[in-house]
Amino acid sequence: GTLFMRQALVEEKLRDPSSGLEVEKNVFIIFYQGDRLFQKIKKICESFQANIYNSPETTRERGELLNQVSNRLQDLEVVLTRSRDNRRQVLASLAVHLQTWRARVVKEKAIYHTMNMFNYDIGRKCLIAEGWCPKTSSEEIQLALRRATQRSGALVPSILSIIRAVHEQPPTYFRTSKYTNAFQEIVNAYGVAHYREVNPAVLSIVTFPFLFGVMFGDVGHGIFMLIFALILIIKEKQLGSQKLNEIIAMPFGGRYVLFLMSLFAIYAGFIYNECFSLPMDIFGTTWSQANETSGLMPDLSRTYPFGIDPAWKGAPNELDLYNSLKMTLSIIYGIHHMYVCIFISFATAMAM
């Protein structure tokens, strides 16, 4: 038979109600004659999963249908707008309490996680927790249990009993402050001392930054490091109340380590007589040149008061001098360090 067809591509993608995906749609209209042709067109449309809509025959009916569809679209648009506004108001009211609810959920989760580690006594119907605590903190724990009993309104108070551990090794606990915490973390990275052993972090407060200064001895670079450490120390309250990224959090945690390292770097820099790898002639060199043809001659009547004479900078045997000096210092410091460690191990063995 004969038919007449027109089609147009929809520019915007439409959401498929069945799958929820955005798909491209093509609108077409077909004019035909006869029922047999209608059945063929219908089968073809169904095979391509096309939606079929009947069009009224008269112009008046098509106009009424168009008005009905337009009114329905306007009603749906009003419903969607009101739904979005209502959802926005609900979410705005919930956002005020979101942080409070989140903190409450985290606290409850932490409480239940801790309670799951307790042992349940069926006979007495109570929870029993076993753990280690420092002897100096026993009174603080008692006060915390009393406050918890008063705040919760519990009729049965919590009881703290000290059990003597015979066959168990107590854990290691070192009380630290904001000054010593970074040094303790450095030592713990290599190993944690056993119970009643000497804490090497006490010695590392001096030895670690001092050995760094021997390696990084330079007055200029040490001053820059000192300024950076002082900025972190002065603003520690402001920075400590913020969530820092990894780049700032690491030096901020070790700000007092950087402070001592910078001081020892400046001290060693004066010994090496270097500022930004350049010699400093503070007290006047003891070497002089009589004439242009003669070499440098030392003044045997005096010596350079502190550190290396700046005349060694640029000398042909400069590298030999500095390597010999630093190697000798490294051996001396290493031997003393080893003797101190042996003495600490001996004292620990005698105490245990």
Side-chain angles (χ1 to χ4, degrees), residues 98-100 102-103 106-107 110 133-134 136-137 139-140 143-144 147 172-193 198-283 305-308 310 313 322 326 329-330 333 336-337 340 344:
L98 183 61
Q99 295 296 333
T100 305
R102 181 177 297 175
V106 171
K107 290 180 181 178
C133 71
T136 56
S137 302
E139 296 182 0
E140 296 179 5
L143 294 175
R147 288 196 301 268
T172 303
Y173 172 73
F174 297 121
R175 190 182 298 274
T176 60
S177 63
K178 63 179 181 179
Y179 308 103
T180 60
N181 181 64
F183 294 98
Q184 187 65 57
E185 292 296 331
I186 294 174
V187 174
N188 292 343
Y190 293 93
V192 180
V198 177
N199 185 13
V202 178
L203 298 176
S204 68
I205 295 176
V206 176
T207 58
F208 182 80
F210 179 73
L211 292 177
F212 174 83
V214 173
M215 176 191 67
F216 192 72
D218 191 285
V219 177
H221 295 113
I223 291 175
F224 274 111
M225 185 182 295
L226 178 63
I227 294 173
F228 178 69
L230 288 175
I231 292 174
L232 294 178
I233 293 174
I234 293 172
K235 295 186 176 182
E236 64 179 9
K237 291 185 178 180
Q238 179 182 353
L239 296 175
S241 60
Q242 302 176 2
K243 185 177 180 181
L244 306 176
N245 53 33
E246 296 181 359
I247 299 177
I248 303 298
M250 183 177 295
F252 176 73
R255 56 193 180 278
Y256 292 100
V257 179
L258 293 175
F259 176 73
L260 292 178
M261 288 166 59
S262 61
L263 292 181
F264 282 110
I266 295 173
Y267 172 74
F270 279 111
I271 293 178
Y272 299 151
N273 207 352
E274 287 187 356
C275 181
F276 298 113
S277 300
L278 298 175
M280 299 182 299
D281 193 359
I282 300 175
F283 304 102
F306 186 81
I308 298 176
K313 274 292 183 181
Y322 278 93
K326 293 184 179 181
L329 290 176
S330 300
Y333 297 148
H336 282 79
H337 206 168
V340 171
I344 291 176

Might you point out which heavy atoms bring [X] and [Y] nearest each other, and give the distance in Å?
X    : Y    : value
G222 : S262 : O-CB, 3.5 Å
G254 : A182 : CA-CB, 3.9 Å
F183 : P209 : CE2-CD, 4.1 Å

Roughly how far, to the nearest 0.5 Å, is [atom2] of [Y] from [atom1] of [X]?
X    : Y    : atom1 : atom2 : answer
L239 : R255 : CG    : CZ    : 8.5 Å
S330 : M215 : OG    : CE    : 10.5 Å
S137 : L143 : OG    : CG    : 11.5 Å
Y173 : T136 : OH    : OG1   : 6.5 Å
I248 : Q242 : CD1   : CD    : 10.5 Å
I223 : L230 : CD1   : CG    : 11.5 Å

Under a 4.5 Å cut-off applied to non-hydrogen side-chain atoms, are [X] and [Y] in contact?
X    : Y    : value
F270 : F306 : yes
E274 : L278 : no
P251 : L232 : yes
I205 : V257 : no

Pairs flagged by salt bridge (Lys or Arg N to Asp or Glu O under 4.0 Å) wherever residues 198-221 is involved - sequence neighbours left out: none
Any residue meeting side chain to side chain contact (heavy atoms under 4.5 Å, CB included) with V214, in chain and number order, not counting sequence neighbours: F210, Y272, Y333
Residues forming a side chain to side chain contact (heavy atoms under 4.5 Å, CB included) with P279, sequence neighbours excluded: P310, K313
More than 12 heavy atoms of other groups within 6.0 Å of [X] [atom1]:
X    : atom1 : answer
F276 : CZ    : yes
M250 : CE    : no
L98  : CG    : yes

Residues that N188 engages under side-chain hydrogen bond (donor to acceptor under 3.5 Å, both in side chains), provided they are two or more places apart: Q184
Salt bridge (Lys or Arg N to Asp or Glu O under 4.0 Å) partners for K178, two or more places apart: E236
Pair M261-F216, side-chain contact (heavy atoms from CB on, under 4.5 Å): steps then yes or no: CA-CA 9 Å; M261 288 166 59; F216 192 72; over 6 Å; no
Option passing side chain to side chain contact (heavy atoms under 4.5 Å, CB included) with L226 (candidates L258, L260, L263, I231): L263
Ring pair (Phe, Tyr, Trp, His ring centres under 6.0 Å) contacts in which one or both residues fall within residues 225-262, not counting sequence neighbours: Y179-Y256
